[in-house]
2 protein chains.
Amino acid sequence: MINLGYNERRVIELLRGRGGMSRIELAREMAVSAPTLTRLTSSLLEGALIVEDSESRPPTGRGKPSTAVKLNPEGLFTVGVYFNPDDIRICVADLEGKIRAEHVQELDDHSFDHIMGVASPAVEAVIKQAGIDRSRVLGCGLSFPGHFSRNPGHVFQIQQFSSWHDIDVNKDFDDYFDMPVFHENDGKAVVLSELYYGAGRNLRNFALIWLTYGIGGAVVVQRQLYRGTNRNAGEFGGLFPKSHPRPSGQDLCNLLSTQGINVRRLREIDESYSDHPAIRGWLDRATDQLRVLSLTVARTLDPTAIVFGGSLPDWIIRHFVEHLGSLEILGEDFHVEPPEIRLSAMSDKPHLGAATIPLYRATTPSYYSGRALKGWA
Amino acid sequence: MINLGYNERRVIELLRGRGGMSRIELAREMAVSAPTLTRLTSSLLEGALIVEDSESRPPTGRGKPSTAVKLNPEGLFTVGVYFNPDDIRICVADLEGKIRAEHVQELDDHSFDHIMGVASPAVEAVIKQAGIDRSRVLGCGLSFPGHFSRNPGHVFQIQQFSSWHDIDVNKDFDDYFDMPVFHENDGKAVVLSELYYGAGRNLRNFALIWLTYGIGGAVVVQRQLYRGTNRNAGEFGGLFPKSHPRPSGQDLCNLLSTQGINVRRLREIDESYSDHPAIRGWLDRATDQLRVLSLTVARTLDPTAIVFGGSLPDWIIRHFVEHLGSLEILGEDFHVEPPEIRLSAMSDKPHLGAATIPLYRATTPSYYSGRALKGWA
DNA sequence: TTATTTATTTACGTAATAAAACTTAATAGC
DNA sequence: GCTATTAAGTTTTATTACGTAAATAAATAA
């Protein structure tokens, strides 16, 4: 229906995260002429991806006052499906990253059939519940923990999903959703929502450290998700061998279990545990490990910020961020600004990350190939 | 004279490092039509940046045989100036990364005035010596060790260059060279020549670990030098605090000095030292440290390869590469290919790295801005 | 020989862009 | 108030980059 060319995508990128911009501002930032911007916005206006901002800002001086354009939140919707060993979450999100409707339920059966059996009707249900125009749904993103194996398409390595051995994630999801389907590892999906709507909104380069049962993460370089040669960039868990104590949820569960405490889900570890001496020790050791990791990431990637999040209980992640300290003090020889440590804005909505995947694919300028996109409708 | 537009640059990128390609092959790889490729090559042919390959390859079957085009080594030249506390090296390089003429001399006076006093006439001398068309010289790249301080443009941090405090590297070089001037930290410059002509020739993502008096490095992501937010990406030295033993040349010199051995330049440490027990111990420890660094880089960046080089004596760098071992065996939980460990092809020609900077700036597609480049002549 | 195949070029139409000119809507100065 | 000035945005026009279709070139296959 609408062609999102390279420069149309750049307009969307610039408008995202800002309240609104005049065409002249956009033209300046994009280094194109004003007439070009008129054309770009008129095509986006026609497709209802942007709207003119009615709120006329107080004129700044002489001359015709500018009329701002902004993204139309109703312009495009995406569906996100996220699951982990504990639960599955499905949402519809709008173009501003607002969750319009969601469905959350616990998971006990981790088989592919069961999870798809939940996801497929739930996607239709949340679309209905959100009361949105079905034709404006761009696609569905799925995200879940797990690395990719050397056998392309096959996930791997999460004990609870061991029955997935024969699933080809590049094909087998498609049948369950009546729209284009995309998938991504959980941390890499979350970093997309962080990039668009969260702690990375204004950053060109940053890293996410994503703490769940395992340890994941993702790297954003020049406002692009960087996957690495084998889709393994930012998989920081690899720096902490599973055979050793590590700052992961599973490691904490194992510790609790030696203390006679058995939790079934990570969220059951509420703040009341913070006084337990064994947990206090675990927190100190894990904080130290994450501090080393942060310094490592700072030196290797020189990001503007390092963002911490995940399905570990919120109070634990907050403890990490508050006790890491300033990297400037911790690291010797910081001749330039060390990265800032930030708390993720997405720990409680990883499904928004999944919903961001289709948007990322459709609106990132560098994904534009060819003269005209087939269009999302 | 010639406009290097976006797609002309892509052609150059594709031709670089390959013997020659037919227009049809180029068109396929670039996903443009054959007529477009005719236009692109005709403009490059006119500017003499490429030539048709006379060697007609054996025809593969029916149909008109293709005529390959390849980069014209005489098409463009660049000048590189590299210096470190030991010496200064100046070269003219052609479009194939071949050094056409060079000038090397030892440095004792490290003042800005002295170094420029050497470099400026030497640049003219090597151009003359190479016997090339002066109008085809694209520019001059300078590279040298040193981080950038928070004060933009001011280098910092190398003891021997402490007198440079008031030099603004963004301006003060210009007066000494009658051509466009670019500069870059030594490791980052070397990685460019590695990318074009060396160990990274065929790699999309890789890291360089650059061992000199200090410890530097650089990161290539998607065939682009990634500098990080504060130009500090890949400055791996930061992972080894100066107050602790570290795998750097200065650290080795300090050790030798405690053994009563005083070397004036790194290259004086020849292979005869390899039997010295203290040096053997240093090598073992440094190898262990570099192994940890390699695993860290592998996990963080997921590069295709990690390249080792630098002005440390060649036999030491070879010792590191040979004794690191396979990362696959060393790191637990490698579910995908670990990066390959490679030896730099540029340890003995860091000035080629400097000479690559102007070329990188002029021919990297993503540096193209606007409709037409002002041109390099 | 002639048909077929493949690479490349030529001719031409379309889309994206910038420059110049124009329109619109505000303020500044009288 | 009236007019000049300024700035935003649009229309018009010329240029450029690209793709499609057709033409040409140079080989093999029949």
Side-chain angles (χ1 to χ4, degrees), chain A residues 2-11 14-15 20-47 50-70 365 368-375, chain B residues 2-11 14-15 20-47 50-70 365 368-375:
Chain A
I2 186 178
N3 277 344
L4 291 182
Y6 189 82
N7 275 340
E8 283 84 353
R9 292 169 185 226
R10 288 177 67 200
V11 171
L14 281 169
L15 290 178
M21 285 174 83
S22 75
R23 286 168 239 254
I24 283 289
E25 282 177 284
L26 284 165
R28 260 196 292 271
E29 294 234 16
M30 294 173 62
V32 297
S33 66
T36 296
L37 221 99
T38 296
R39 179 179 49 79
L40 294 172
T41 49
S42 68
S43 118
L44 289 170
L45 276 168
E46 202 180 344
I50 63 172
V51 285
E52 291 199 332
D53 200 344
S54 50
E55 267 176 65
S56 55
R57 295 172 297 178
T60 48
R62 273 195 202 195
K64 176 175 172 177
S66 59
T67 51
V69 291
K70 60 175 187 182
Y368 175 69
S369 63
R371 178 172 280 214
L373 196 71
K374 302 298 171 295
Chain B
I2 186 177
N3 277 344
L4 291 182
Y6 188 84
N7 275 342
E8 282 84 353
R9 293 170 185 226
R10 288 177 67 200
V11 171
L14 281 168
L15 290 178
M21 284 173 84
S22 74
R23 286 169 238 255
I24 281 288
E25 282 177 285
L26 283 164
R28 260 196 293 272
E29 294 234 16
M30 294 174 63
V32 298
S33 67
T36 296
L37 220 98
T38 296
R39 179 177 48 79
L40 295 172
T41 49
S42 68
S43 118
L44 289 169
L45 277 167
E46 200 179 347
I50 62 173
V51 285
E52 289 198 336
D53 200 344
S54 50
E55 268 176 65
S56 56
R57 295 172 298 180
T60 49
R62 270 198 205 194
K64 176 176 174 176
S66 59
T67 51
V69 291
K70 60 174 186 183
Y368 175 70
S369 63
R371 174 172 285 210
L373 196 69
K374 300 302 171 290

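Values below: all heavy atoms of this structure, side chains included; hydrogens, waters and symmetry mates excluded. Chain letters run A, B, ... following the sequence lines, proteins first and then strands; every chain starts at 1.
- The B/Ser66 side chain lies nearest to C/dA7 when the options are C/dA7, D/dT10, D/dA8.
- Between the CE atom of A/Met21 and the P atom of D/dG9 there is a distance of 11 Å, given to the nearest Å.
- Atom CD of A/Glu52 is separated from atom P of C/dA25 by 12 Å (rounded to the nearest Å).
- Considering only side-chain atoms of B/Arg23, the nucleotide from C/dT8, C/dT27, D/dA27 that sits closest is C/dT8.
- Mapping A/Ser33 and B/Arg28 onto DNA chain C via the closest heavy atom, the residue that lands nearer the 5' end is B/Arg28.
- Under the Watson-Crick or G-U wobble criterion, with both distances below 3.5 Å, D/dA29 is paired with C/dT2.
- One atom, CZ of A/Arg9, and another, P of C/dA16, lie 13 Å apart when rounded to the nearest Å.
- A heavy-atom distance below 4.5 Å is not found between the side chains of B/Glu25 and B/Ser66.
- The two residues A/Met30 and A/Val11 come nearest to each other via the heavy atoms SD-CG2, 3.6 Å.
- Spacing between atom CG of B/Leu4 and atom P of D/dT16 amounts to 17 Å, rounded to whole angstrom units.
- The nucleotide whose nearest atom lies closest to any side-chain atom of A/Asn7 is, among C/dA7, D/dG19, C/dT17, C/dT17.
- At whole-Å resolution of the value, CD in B/Glu25 and P in C/dT6 are 15 Å apart.
- For B/Tyr6 and D/dC18, the OH to C1' distance is 15 Å, given to the nearest whole Å.
- Of the residues near DNA chain D, A/Lys64 and A/Pro35, the one whose nearest nucleotide (by heavy atom distance) lies more toward the 5' end is A/Lys64.
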B/Arg10 vs B/Leu40, test: side chain to side chain contact (heavy atoms under 4.5 Å, CB included). Steps then yes/no. CA-CA 10 Å; B/Arg10 288 177 67 200; B/Leu40 295 172; over 6 Å; no

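- Residues A/Glu29 and A/Leu14 share a closest heavy-atom pair of OE1-CD2, 3.8 Å.
- A/Ala34 and A/Ile24 make their closest contact through CB-CD1, 4.3 Å (heavy atoms, listed as atom of the first residue, atom of the second, distance).
- Residue A/Leu44 forms a side chain to side chain contact (heavy atoms under 4.5 Å, CB included) with just one option from A/Leu4, A/Val69, A/Val51, and that option is A/Leu4.
- Residues from residues 36-45 of chain B with heavy atoms under 4.0 angstrom of DNA chain C, sorted by number: B/Thr38.
- Considering all non-hydrogen atoms of both residues, B/Ile50 and B/Leu45 come closest at O-CD2, 3.4 Å.
- Side-chain atoms of B/Arg62 lie closest to D/dT28 of the nucleotides D/dG9, C/dT9, D/dT28.
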